[in-house]
Structure formats: C-alpha cells, structure tokens
Amino acid sequence: MSVATVDVETAAAWLGAGEAVLIDVREADEFAAARIDGAILAPLSAMPAAWEALDLPADRKIIVMCLRGGRSHQVCAFVGPTGPEGQPLFNLTGGIQDWHAAGLPIIEA
C-alpha cells in the first residue's frame with residue numbers, strides 16, 4: 001500500500017494554520033529528549049492500543065512522524081490512507097531529523 005507523504009515545510013505550514021495534528025511514534029525517551037511542539041506521543045511499541053487511544057479531530061489532517069520516517073511509515077501503512085473519521089493521513093518525510101535540519105523549531109530537554 002502506498003503511503004501519502006508530506007515534507008517538513010508543508011507540515012509546518014499546516015500545523016501553524018491549525019489544519020493538522022502531529023502524532024510522534026518514537027519512544028518516550030526519544031520524545032523527552034527532543035520533540036516538535038504540539039506533537040502527541042503514541043509510541044510504535046505500544047501500537048495498536050496507542051493509536052486507538054488517540055482522540056483525533058475529525059476536521060484536521062493527521063501527520064505521523066518519527067526520527068527519519070521509517071517507523072511512521074509502518075504506522076501509516078498499518079492504519080491506511082485515512083484516520084478513524086476519514087481524515088487524510090500523511091507520513092512526515094525525513095522525520096524530526098529533516099524538521100530540525102530545515103531550521104524548524106524543536107523542544108530539547
């Protein structure tokens with residue numbers, strides 16, 4: 001199954017405009033060390049329960065992210081092209097590494 005992707009600049013614009021929600025599927029220690037403001041932690045190791053526990057807004061795109069894009073791709077492939085209420089689902093290309101490399105802000109411990 002193909003997975004829709006979004007680059008960091010577009011994702012930042014969507015998040016800034018309130019058009020998307022960001023789900024971080026890295027582990028809790030990675031999230032604590034460095035994260036994107038507003039990201040919601042749902043670790044891959046806790047799937048599918050972590051995904052099912054999310055309260056995702058019906059009117060926003062869903063962006064899934066990890067360190068480089070591999071784990072988030074797995075989650076997107078598992079979930080499918082849309083969220084529980086038909087929200088479009090996107091894998092963040094390059095993850096937090098590309099986000100940081102593009103000069104976008106992160107919160108570091």
Side-chain angles (χ1 to χ4, degrees):
M1 170 189 305
S2 68
V3 170
T5 59
V6 62
D7 61 66
V8 294
E9 291 84 4
T10 303
W14 289 350
L15 292 165
E19 296 175 12
V21 61
L22 183 63
I23 309 301
D24 190 332
V25 299
R26 297 175 303 145
E27 297 305 312
D29 61 327
E30 294 175 279
F31 186 80
R35 67 186 181 280
I36 297 169
D37 190 30
I40 301 164
L41 180 63
L44 179 60
S45 64
M47 296 293 173
W51 186 266
E52 293 163 1
L54 294 171
D55 183 18
L56 299 167
D59 61 345
R60 294 191 188 170
K61 301 171 184 87
I62 301 169
I63 303 169
V64 184
M65 58 137 314
C66 63
L67 181 64
R68 291 185 300 272
R71 287 174 282 179
S72 51
H73 183 275
Q74 290 177 38
V75 171
C76 289
F78 170 77
V79 171
T82 58
E85 297 185 52
Q87 309 96 316
L89 195 70
F90 299 89
N91 183 26
L92 182 65
T93 304
I96 196 170
Q97 281 191 338
D98 278 11
W99 181 278
H100 189 57
L104 294 164
I106 61 171
I107 298 169
E108 294 184 272

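No more than 12 heavy atoms of other residues, nucleotides or ligands sit less than 6.0 Å from atom CG of D55. Applying the 6.0 Å contact sphere to CG of D29 captures more than 12 heavy atoms from other residues, nucleotides or ligands.
Centroid-to-centroid, the aromatic rings of W51 and F78 stay 6.0 Å apart or farther.
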I'd like to know whether I63 forms a side chain to side chain contact (heavy atoms under 4.5 Å, CB included) with V21, so could you lay out the CA-CA distance, the side-chain angles of the two residues, the decisive distance to 0.1 Å, and finally the verdict. CA-CA 6 Å; I63 303 169; V21 61; over 6 Å; no
Would S72 and N91 count as a side chain to side chain donor-acceptor pair (under 3.5 Å) if you check the C-alpha gap in whole Å, the side-chain angles of each, and the deciding distance to 0.1 Å? CA-CA 6 Å; S72 51; N91 183 26; 2.4 Å; yes
One pair to check against side chain to side chain donor-acceptor pair (under 3.5 Å): T82 and Q87. What are the steps and the verdict? CA-CA 5 Å; T82 58; Q87 309 96 316; over 6 Å; no
Check the pair V64, L92 against side chain to side chain contact (heavy atoms under 4.5 Å, CB included), reporting the backbone distance first and the verdict last. CA-CA 6 Å; V64 184; L92 182 65; over 6 Å; no
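Hydrophobic clustering places V6 together with M65 (ILVMFWY residues linked when any side-chain heavy atoms are closer than 4.5 Å, directly or through intermediates). Cluster membership for F31 and M47, using ILVMFWY side-chain heavy atoms within less than 4.5 angstrom, is not shared. Note on I106 and V25: separate hydrophobic clusters, where clusters join Ile, Leu, Val, Met, Phe, Trp and Tyr whose side-chain heavy atoms are under 4.5 Å apart, directly or indirectly. Hydrophobic clustering of Ile, Leu, Val, Met, Phe, Trp and Tyr side chains at less than 4.5 Å, counting indirect connections, unites L67 with V8. Hydrophobic clustering (ILVMFWY, side-chain heavy atoms < 4.5 Å, transitive): L56 and I36 are in distinct clusters.
Nearest heavy atom pair, residue A42 against residue I23, reads CB-CG2, 3.8 Å.
Classification of E85 and R60 as a salt-bridged pair fails, no side-chain N sitting under 4.0 Å from a carboxylate O.
The distance from atom NZ of K61 to atom CG of L89, rounded to the nearest 0.5 Å, is 12.5 Å. Taking CZ of R68 as the start and CZ of R26 as the end, the distance is 11.5 Å to the nearest 0.5 Å.
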